[in-house]
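This is a predicted model, so every value here is computed, not measured. Reminder, nothing fancy here: chain letters follow the sequence lines and each chain counts from 1.
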Number of protein chains: 2
Amino acid sequence: MPEAPNSKDKVGVICRALRRAIIEQALEPGAKLPEDSLGERFGVSRTIARYALGQLASEGLVELRRNRIAVVVTPSWQDARDIFDIRMDLERLIVRKIAGKLSSSQIARLKAHVEAEREAHDGPNAVSIRLATEFHIMLASMTNSPVLVRYVSEIAYRCCLTLSLFSRPHSSECGISEHIAIIEALQEGDANKAMSLMHSHLDSVANRALVEPTPARGRDLLDVLAPYTEEAT
Amino acid sequence: MPEAPNSKDKVGVICRALRRAIIEQALEPGAKLPEDSLGERFGVSRTIARYALGQLASEGLVELRRNRIAVVVTPSWQDARDIFDIRMDLERLIVRKIAGKLSSSQIARLKAHVEAEREAHDGPNAVSIRLATEFHIMLASMTNSPVLVRYVSEIAYRCCLTLSLFSRPHSSECGISEHIAIIEALQEGDANKAMSLMHSHLDSVANRALVEPTPARGRDLLDVLAPYTEEAT
DNA sequence: CGTGCCCGAAGTGCATGCAATCGAGGAGAG
DNA sequence: CTCTCCTCGATTGCATGCACTTCGGGCACG
C-alpha cells in the first residue's frame, strides 16, 4: 500500500488529486503541469510537486520531458490498443480469481457501488466515468492481490485517458447493466460466464472508443504527424 | 519508455544500479539505503537519491518508511505467493502472444542469450540469476507491449528478491534447458505447448523456492515473528 | 507580408540549509 | 544487575537559491 490516506503524505495527496482530475477529464491529455503552479495550488514547494509528478510518470499518466513542462500523457492509438488488450486479460484473470469466492458483504458493496453509478447516471459525465472505473478497481481489490490492484488501477486510469482522446463526446453510457450482470455471475460462482461477460463488457467499451485510428481525429498537427515520425529502435 | 539509457539521467542511473544490485543479491532484503550514502556514492545530492528511491518504491523494490532509512523490501511469504501467481499468468500471456510470431533474428537473440546463460553457469551465482531473469524480460519485450514489459520486469525483479529470502543457497540451477525448450515451442508456433512449458518452468522455480513458510528461515526476529502477527483484515 | 534572430521571462535541474524526527546508548533509579 | 528515561548524533522532510534550458514575442530584414 504505497499510499495510505495519511494526511501527512503531501505527495500522496497531490497524486490522488491529479489522478482524479485526470480520470474525470478535468485534465485532458496534453494539459500542462508546471511544478510551480502545482506547488502553489497544494501549498508545497516545487520539490514535492516534482516528486509527485515523478510518481505519476512512473504510472504512465504523466510525461516528463527534460527541461520542459510536464504534461498529461497523450496516448498514441497504438498505446491505446496495447493497454486495452492487457486490460482485457488482467480483468478476466481477476474475475476468474474471485468468481464464487466473494462474501455477501463484498457482493453488497459491489451492488451499492453500481447503485451509486445509476444515481450518478444523469449527473455530470465526469462522475459517471469515475464511478465506472472505480467499479473495476473495486473488483481488483477483492482478489487480495496488491499487485493486481496496482496494475489494474494504473491501466484503468490510462484507459480513461484514451477514452477522452478517441471517443466521441457521449459514450458515457458505460454499461451499468453489464456491471450488474457481472456481479450476478460472480455471485453464482460461474467463472466462465463472468469472464465472458467481462470480456464483452470491456470489448464494447473499447469498441465504442477505439473505432480506428480515425484518420484525422488527433488534437492537432503534432498528434496527426505522430504516426509518421520515427524514433523507435 | 520511462528510462532511456540517457547519460544525463542521473535518477535512471541510480535506479538501474540499485535494481541490478538487488537482482544480483548484492543488496539483500532489509538492506539499508540512506539517501546520503547513495548520493555520495553516485556523486549527486540527496535530492536525486531520494527521487530515485521514490521510483524504486513505486516498483515495489524499496520500502520507504517515514523519517526512517529506506530499505530493500522484505516480501512476506504471502506477497511472494501473490507475485509468483500473477507472474504465472502474465508470462503465459506473453508466450501466447508471441508464439509463432518471432522473426528469425529474434529467435537468434534468444538463443544467444541462453548461450550466455550456459557460459555463466559455472561463474558467480549472481550473474546466473540475473541472466535468467533477463531472459524472461527479453521475452516480454518481444510482445511490443510496453506495459507488459514494465509489469513483467517489475515482477521478475521482485521474484529475485523473494528467492534470496526463501530459497536455499544453491537453487541457481535455473533450468537453462527449460528456456531452450520454450524457445523451440515458440519457434514452432505451438502456443499451447509453449504456455505449458512456461507454466512448468515457473512452477519448478517457485517450488524450488517457496517450499512453505519454511518455519524459521527468516533473517531475524522480526521476520520470524511476522507470520504470527495479525494485521490483515 | 513572411522569415529569421535575439533576448527576456518562465520553468526545470540540482545542491544546500535548516528544522523535525528517530533511535542508540549512557546515566540514573530501583 | 536490570529497567527506564533522556539526551545527542544520524537521517529524513521540505523549502529555497542559483545556474541552465526552453519558449515566445518583438524587431530587423528580405
Side-chain angles (χ1 to χ4, degrees), chain A residues 1-18 27 29-59 61-74 219-223 225 229 231, chain B residues 1-18 27 30-58 61-74 219-223 225:
Chain A
M1 61 238 79
E3 270 152 44
N6 185 344
S7 65
K8 278 289 185 182
D9 180 10
K10 324 255 202 158
V11 174
V13 171
I14 300 181
C15 284
R16 277 188 295 275
L18 254 32
L27 245 29
K32 292 183 181 179
L33 304 168
E35 299 174 357
D36 305 334
S37 329
L38 250 42
E40 192 176 0
R41 173 69 188 75
F42 289 97
V44 297
S45 79
R46 279 205 309 124
T47 307
I48 306 301
R50 180 190 225 350
Y51 196 93
L53 286 174
Q55 297 295 309
L56 262 3
S58 82
E59 294 169 21
L61 286 183
V62 160
E63 183 184 351
L64 259 26
R65 306 117 96 206
R66 190 165 185 88
N67 283 321
R68 314 265 303 275
I69 303 181
V71 294
V72 175
V73 293
T74 304
R219 310 203 70 65
D220 55 16
L221 267 205
L222 215 150
D223 295 327
L225 288 176
T229 68
E231 58 175 9
Chain B
M1 61 238 81
E3 269 151 41
N6 184 344
S7 64
K8 278 289 184 185
D9 179 11
K10 323 255 200 159
V11 174
V13 170
I14 300 181
C15 284
R16 279 189 294 274
L18 254 31
L27 245 28
K32 292 183 181 177
L33 303 169
E35 298 174 357
D36 304 338
S37 328
L38 250 44
E40 191 176 0
R41 174 69 187 75
F42 290 98
V44 299
S45 80
R46 280 203 308 123
T47 307
I48 306 302
R50 179 191 200 49
Y51 196 92
L53 286 174
Q55 297 294 310
L56 262 2
S58 82
L61 285 183
V62 161
E63 183 185 351
L64 258 26
R65 306 116 97 206
R66 188 163 185 92
N67 284 318
R68 313 265 304 277
I69 303 180
V71 294
V72 175
V73 294
T74 303
R219 313 202 68 64
D220 57 14
L221 268 206
L222 215 150
D223 295 327
L225 256 28

(message) Are the side chains of Leu38(A) and Leu18(A) in contact, using a 4.5 Å heavy-atom criterion?
(response) yes

(request) Any chance you could measure Ser45(A), atom OG, to Tyr51(A), atom OH, to the nearest 0.5 Å? (result) 13.0 Å

Just how far, in rounded Å, is [atom2] of [N] from [atom1] of [X]?
| X | N | atom1 | atom2 | answer |
| --- | --- | --- | --- | --- |
| Leu64(B) | dT12(D) | CG | P | 10 Å |
| Leu53(B) | dT12(D) | CG | C1' | 11 Å |
| Asp36(B) | dG9(D) | CG | C1' | 13 Å |
| Asn67(B) | dT12(D) | CG | C1' | 6 Å |
| Lys32(B) | dT11(D) | NZ | P | 8 Å |
| Glu35(A) | dT22(D) | CD | P | 15 Å |
| Leu33(B) | dA10(D) | CG | C1' | 16 Å |
| Tyr51(B) | dT16(C) | OH | P | 20 Å |

(message) Please give me the minimum heavy-atom distance between Thr74(A) and Gly30(A), naming the atom from each residue.
(response) OG1-N, 3.5 Å

(request) Classify the side chain of Arg46(B) versus the base of dG17(C) as yes if they form a donor-acceptor pair under 3.5 Å and no if they do not. (result) yes

(request) Counting heavy atoms from C-beta on, name the nucleotide in dC23(D), dA15(D), dG13(C) closest to the side chain of Arg66(A). (result) dG13(C)

(request) Report the nucleotide, chosen from dC22(C), dC14(C), dA15(C), that has the shortest atom-to-atom distance to any side-chain atom of Ser45(B). (result) dA15(C)

